[in-house]
2 protein chains.
Amino acid sequence: MRWAPDSRARLQRAAFELFAEQGYSATTVPQITARAGLTTRTFFRYFADKREVIFGGNEIPERAARLIAEAPADLEPMEVVRLVLDRVATEQFAGQGEQTAALRAIIHANDSLRDRDARKRDDLVRAARAAFIERGVPSLRAGVVAELGALLFHTALEEWATDHESRSMTVVLDQVMALLDAETHA
Amino acid sequence: MRWAPDSRARLQRAAFELFAEQGYSATTVPQITARAGLTTRTFFRYFADKREVIFGGNEIPERAARLIAEAPADLEPMEVVRLVLDRVATEQFAGQGEQTAALRAIIHANDSLRDRDARKRDDLVRAARAAFIERGVPSLRAGVVAELGALLFHTALEEWATDHESRSMTVVLDQVMALLDAETHA
DNA sequence: ATCGTGACGACACGACCTGTCATGACGATG
DNA sequence: CATCGTCATGACAGGTCGTGTCGTCACGAT
């Protein structure tokens with residue numbers, strides 16, 4: 001073999017090591033590639049930009065869209081949201097509390113990462129909105145439902161990241177849903 | 001006077017002209033400053049980065065926080081949200097439909113601007129959340145309320161930008177609020 | 001008359017990101 | 001076995017963004 005395998009994984013690992021050692025903005029792409037034994041140019045073949053080494057590979061929007069499309073046809077949109085969120089909460093985040101909290105801390109500490117994080121949420125909204133329209137939901141309503149789903153997901157994730165010891169992500173989600181209900185009923 | 005006045009305004013005007021002529025990403029900061037008769041360095045004294053020439057000067061988070069703080073003390077949080085949104089809709093956006101639509105189009109066409117736009121929404125949420133906590137609302141509930149406010153504002157703004165001829169921003173806001181109510185009551 | 005201040009220019013520099021071409025291992029195909 | 005295409009990577013040049021630093025000159029205050 002001419003080159004060591006798993007270039008992408010090596011880059012990602014080297015990047016997170018360096019972020020932990022000296023922070024995100026203080027580490028440069030050449031530093032990352034040097035540690036991974038590759039060139040700068042190769043980094044940008046795997047990641048569109050420096051931020052994507054943190055966000056990349058998640059595929060959350062695609063996953064959400066698929067789950068929405070596959071949900072039973074007789075469910076109301078908000079019931080679908082609830083179903084999808086429960087599945088994601090149990091499958092994706094169970095036991096990942098420590099890691100999730102660390103990641104949120106890195107993101108919150110850097111404006112450029114906050115930019116990207118916020119857009120990832122918007123990407124999720126767009127994908128979910130399109131998936132609901134595909135199910136026959138009128139577009140404006142689909143937009144509201146998708147936004148509500150993202151609101152629930154994001155609020156619960158942030159809350160859980162600050163305290164993942166005492167409650168599971170699913171429990172937090174239920175709390176936030178209850179709060180949402182209370183606000184909109186008054 | 002050694003220099004012409006209104007440097008900031010001149011930069012902004014030159015920038016929007018060039019964005020209209022050749023698109024956002026195709027215009028460089030030196031092009032903008034050349035047209036404004038200034039140097040590149042001066043551009044970055046007025047704007048933190050190239051994107052801020054589009055978003056800067058709005059001060060929406062501060063404005064929202066002030067309105068929330070000044071609302072009558074006996075109002076429920078969501079009533080405050082409604083009050084604030086109505087004021088912003090009438091005062092800030094009346095008659096600005098064409099301009100708003102054009103701006104949204106520029107933003108949606110560029111990933112880097114979508115990043116920043118999404119973060120501006122998050123900035124708004126944080127400011128509103130803090131303002132509600134200041135009013136004595138528990139933090140998680142304050143977060144949900146702030147998110148709901150941003151959801152309403154953003155959804156209505158996008159909807160209105162696509163069709164500002166037939167309805168005022170206030171009317172769109174009422175529609176979106178009605179939809180939100182319907183979703184969360186089922 | 002002198003001095004401080006503030007806006008701007010001039011210049012250098014590092015980091016980010018891209019375009020383009022070369023290279024060599026590997027597998028398919030004859 | 002020979003050849004050929006493909007694919008991952010290297011090598012290098014270059015453009016844009018954003019910042020640090022210092023000089024310069026008008027203006028107003030003392």
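Naming: A, B, ... by sequence-line order, numbering from 1 per chain.
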Practice task
Assess whether salt bridge (Lys or Arg N to Asp or Glu O under 4.0 Å) is satisfied between A:Arg126 and A:Asp122, documenting all intermediate values.
Solution key: CA-CA 6 Å; A:Arg126 284 158 179 259; A:Asp122 193 54; 3.0 Å; yes

Practice task
Report the C-alpha separation of B:Arg82 and B:Asp174 in whole Å, then their side-chain angles, then the decisive distance to 0.1 Å, and conclude whether the salt bridge (Lys or Arg N to Asp or Glu O under 4.0 Å) test is met.
Solution key: CA-CA 9 Å; B:Arg82 179 157 207 143; B:Asp174 283 337; 3.3 Å; yes

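Of the residues in residues 12-25 of chain B, none lies under 4.0 Å from DNA chain C by heavy-atom distance. Within residues 114-123 of chain A, no residue has a heavy atom under 4.0 Å from DNA chain C.
What separates CG of B:Asp49 from C1' of D:dG18 is a distance of 9 Å, to the nearest Å. Straight-line distance from the NZ atom of B:Lys50 to the P atom of D:dT19: 15 Å, rounded to whole Å. Taking atom CD1 of A:Ile32 as the reference point, atom C1' of C:dC16 lies 12 Å away to the nearest angstrom. Atom CZ in A:Phe44 sits about 17 Å away from atom C1' in C:dT20, given to the nearest Å. Whole-Å rounding puts the B:Phe43 CZ to D:dG20 P distance at 17 Å. Taking atom CZ of A:Arg51 as the reference point, atom C1' of C:dC17 lies 12 Å away to the nearest angstrom.
Environment of CZ in B:Arg87: sparse, with no more than 12 heavy atoms of neighbouring residues, nucleotides or ligands closer than 6.0 Å.
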Fill in the blank from the handout: With B for base contact, S for sugar-phosphate-only contact and - for none (protein heavy atoms under 4.0 Å), nucleotides 6-14 of chain C reads -BBBB----

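If you take CG on A:Asp49 and CG on B:Asp111, they are separated by 9.5 Å, rounding to the nearest 0.5 Å. In this structure, the separation between CG on B:Asp117 and CD1 on B:Ile107 is 4.5 Å, given to the nearest 0.5 Å. Distance check, rounded to the nearest 0.5 Å: CD of A:Gln96 to CD of A:Glu91 gives 12.5 Å.
Shown here are the ring-ring contact (aromatic ring centres under 6.0 Å, His included) partners of A:Tyr24, two or more places apart in sequence or in another chain: A:Phe19. Scanning for side chain to side chain contact (heavy atoms under 4.5 Å, CB included) contacts around B:Ala118 gives A:Ala118, A:Arg119, with sequence neighbours left out. Applying the ring-ring contact (aromatic ring centres under 6.0 Å, His included) test to B:Phe43 and every residue at least two apart in sequence or in another chain returns B:Phe47.
Both B:Ile60 and B:Ile68 sit in one connected hydrophobic cluster of ILVMFWY residues. Membership requires side-chain heavy atoms under 4.5 Å apart, directly or through other members.
Closest heavy-atom contact between A:Glu147 and B:Thr155: CG-OG1, 3.9 Å.
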